[in-house]
Protein chains: 2
Amino acid sequence: MTEPSAKILVVDDEPHIRDLLTTSLRFAGFDVRAVGAGAAAISAVLEDEPDLILLDVMLPDISGFGVTKRLRASGFTSPILFLTAKDDTEDKITGLTVGGDDYVTKPFSLDEIIARIKAILRRTMAETDDATIHVGELSMNQDTHEVSVAGEDIELSPTEFKLLRYLMLNANRVLSKSQILDHVWEYDFNGDVGIVESYISYLRRKIDDRVSEPMIVTKRGFGYMLKSPKA
Amino acid sequence: MTEPSAKILVVDDEPHIRDLLTTSLRFAGFDVRAVGAGAAAISAVLEDEPDLILLDVMLPDISGFGVTKRLRASGFTSPILFLTAKDDTEDKITGLTVGGDDYVTKPFSLDEIIARIKAILRRTMAETDDATIHVGELSMNQDTHEVSVAGEDIELSPTEFKLLRYLMLNANRVLSKSQILDHVWEYDFNGDVGIVESYISYLRRKIDDRVSEPMIVTKRGFGYMLKSPKA
DNA sequence: ACTGGCTCTCAGGAACCGCTCAGCGAATCA
DNA sequence: TGATTCGCTGAGCGGTTCCTGAGAGCCAGT
């Protein structure tokens, strides 16, 4: 795990989103503090000096830009991960991602947020820790997005990639379909869990066909599990 | 990295630009101090003895030229990188670049500033560190701006050069289009990310056609990556 | 003024992807 | 064993993303 106890400040005015983020990040092992407005964010930063800020640009009082300016002006250097609406014109976003910063568009998937946070922290806090995850004969490099099975590279679509990453990070643990849906798909997706079945099917075609014993196993009535042979 | 902890003094009166520069340079590994006026710059230099000054010529109190004169008169010899408006007359600018000095016109691209700073420091602080970057069969000399693919020299336009440099410095890492836009294009560019696609297309024509396996790969839904064969 | 190179925009088309659905098969239960 | 539920996967539609050629506007050099 990358910096298991990095301090993160979550800034979003929608209580629902804020809770979603707070809970997920705490579960992922981060030390999380959350506030709902720009002014509160500024004082929280000065008090707490977080390692990263997850900052919504649409805030009721001061905008995310304003918050950033003030913080940077007062010498705060930790990276910021911005949350922006998808229909915000690109040019508003341009100029934001200075240094280690990055942004994610709403609606996002929780897994995506966590992956991005880890990617930033990996670079910021000069961690030797590699960007590659291994599970059995599977390996996935999160920087290059290269995935290989038994030494052979395979091509994955974006959704396939995100799903597999979630499975790998939770290998040897049964995950329900709705759990998968909640983590991998955007939080406002309101379709059927059947789509998880479809994507599991796609992954099986690309992975299990190249390996002696199937790695993706179905736990009927519960969900799926990515099994690393003989842990 | 060139001189990971060279001391740089940023002098600009616009807080936004100052923050942009400070953050980017800190992230690039420099030891940065920033001030907003000419008088403050002079006292900061006397206190701190920076290895390089990034100096806006348009300042509210003393002009960049005035600052330079006084500093040089008092025996300060570190190089100065001037920031000038594009419409400043040529003769003003030509007088600037004496000694190790150089200038960049506003609006600039962040990547460009960092490259220039590194180029100056490379000369000033007798660095053994070479100005040539290699990625697979690609090589780029940052001093001469010569680029070759598989031993054959190729001609690149300024923008193509900057884009390729950014890709090479971040080889084997997926870069999103907006990330590329933020680093390679000028900070006030507010066009579409489509232009990145266009320039990627130009580079492909010049690079991938001369090499056995394509080096610029599209990661659909994420961005682009320059891949060095057999990492 | 003319020319050529460069940046940037735009639009057509192609490839790809996400998602749904339906039919079939497998597991489960009475 | 038969009925029912659950899971798998092929087919396909509609939308998105990406690529590239064409060209307008701009600037520099001649």
Side-chain angles (χ1 to χ4, degrees), chain A residues 86-87 89-91 94 105 107-109 111-112 145 154-164 166 174-181 184-209 214-225, chain B residues 86-90 93 105 107-109 112 145 147 154-164 174-178 180-181 184-209 214-225:
Chain A
K86 193 163 270 170
D87 53 359
T89 48
E90 289 286 345
D91 55 60
T94 308
T105 56
F108 47 80
S109 85
D111 196 52
E112 185 64 20
H145 280 218
I154 59 174
E155 293 293 320
L156 298 180
S157 79
T159 307
E160 289 165 359
F161 181 87
K162 289 181 206 162
L163 172 57
L164 181 59
Y166 183 58
V174 179
L175 303 165
S176 75
K177 286 179 214 175
S178 40
Q179 216 173 351
I180 294 175
L181 210 52
V184 177
W185 270 260
E186 294 168 353
Y187 59 76
D188 68 344
F189 178 77
N190 62 349
D192 195 77
V193 291
I195 195 170
V196 177
E197 299 173 10
S198 286
Y199 273 90
I200 287 286
S201 173
Y202 299 154
L203 282 184
R204 280 188 165 135
R205 212 171 305 163
K206 296 183 178 180
I207 293 171
D208 282 347
D209 288 1
M215 297 186 69
I216 303 175
V217 301
T218 304
K219 294 290 173 183
R220 200 183 170 82
F222 294 99
Y224 301 99
M225 183 175 80
Chain B
K86 195 162 270 171
D87 52 0
D88 276 358
T89 52
E90 283 290 336
I93 294 167
T105 57
F108 45 80
S109 88
E112 184 63 18
H145 277 220
V147 178
I154 58 175
E155 292 294 320
L156 297 180
S157 78
T159 307
E160 289 165 358
F161 180 87
K162 288 181 215 162
L163 172 57
L164 181 59
V174 178
L175 302 166
S176 75
K177 286 178 214 176
S178 36
I180 294 174
L181 208 54
V184 176
W185 270 259
E186 295 166 353
Y187 59 78
D188 67 344
F189 178 79
N190 64 349
D192 195 76
V193 291
I195 195 168
V196 177
E197 298 173 13
S198 287
Y199 273 88
I200 287 285
S201 176
Y202 300 153
L203 280 184
R204 281 190 165 134
R205 218 169 298 165
K206 296 184 177 180
I207 293 171
D208 282 347
D209 288 359
M215 298 187 69
I216 302 175
V217 301
T218 304
K219 292 288 170 181
R220 192 170 254 263
F222 293 102
Y224 299 100
M225 180 174 80

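A, B, ... follow the sequence lines: proteins, then strands. Residue 1 opens every chain.
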Here the pair of heavy atoms bringing B:G221 nearest to A:P158 is CA-CG, 4.3 Å

DNA chain C nearest-nucleotide lookup for B:L156 and B:S198: closer to the 5′ end is B:L156

May I have the distance from A:L181 (atom CG) to D:dG7 (atom P), rounded to whole angstrom? 14 Å

Can you tell me the distance, in whole Å, between the NZ atom of A:K206 and the C1' atom of D:dC8? 17 Å

Chain A on DNA chain C: first and last contacting nucleotide, 5' to 3', under 4.0 Å to a heavy atom? C:dC17 to C:dT28

Looking across every strand, which nucleic acid part, if any, lies under 4.0 Å from A:K177 by heavy atom: base, sugar-phosphate, or nothing? sugar-phosphate

note: B:I216, atom CD1; D:dC18, atom C1'; distance rounded to Å ~ 14 Å

Scan A:F161 against the nucleic acid and name what it touches under 4.0 Å (heavy atoms): base, sugar-phosphate only, or nothing. nothing

Which residues within residues 187-195 of chain A lie with some heavy atom under 4.0 Å of an atom in DNA chain D? none

In this structure, how many angstroms lie between the C1' atom of D:dG7 and the OH atom of A:Y224, rounded? 6 Å

Send over the distance from B:M225 CE to D:dC18 P, rounded to a whole Å. 15 Å

Strictly distance-based, threshold 3.5 Å: is any side-chain N or O of B:K206 a donor or acceptor partner for the main-chain N or O of B:E155? yes

Is any side-chain nitrogen or oxygen of A:T218 closer than 4.0 Å to OP1 or OP2 of D:dC6? no

Search all heavy atoms of B:L156 against all heavy atoms of B:L203 and return the closest pair with its distance. CD2-CD2, 4.0 Å

Nearest-nucleotide 5' precedence on DNA chain D, B:Y202 against B:R220: B:R220

Taking CD from B:E197 and P from D:dG21, how many angstroms apart are they, rounded to a whole number? 14 Å

On a heavy-atom basis, which atom in B:M225 and which in B:K219 lie closest, and how many Å separate them? CE-CE, 4.3 Å

Under a 4.5 Å cut-off applied to non-hydrogen side-chain atoms, are A:Y166 and A:L175 in contact? yes

Considering heavy-atom distances to DNA chain D, does B:K219 or A:G221 have its closest nucleotide positioned more toward the 5' end? A:G221

Check: B:Y224 and B:V196 side chains under 4.5 Å, non-hydrogen atoms: yes

What is the separation between atom CG on A:L203 and atom C1' on D:dG7, rounded to the nearest whole Å? 16 Å

Test side-chain contact (heavy atoms from CB on, under 4.5 Å) applied to B:D188 - qualifying residues, sequence neighbours left out: B:P107, B:E186

Taking every non-hydrogen atom, the tightest pair across A:V193 and A:L181: CG1-CD2, 3.7 Å

Any idea which heavy atoms bring B:E160 and B:Y202 closest together, and the distance? OE2-CB, 3.6 Å

Presence of A:R205 side-chain N/O under 4.0 Å of D:dT9 phosphate oxygens OP1/OP2: no

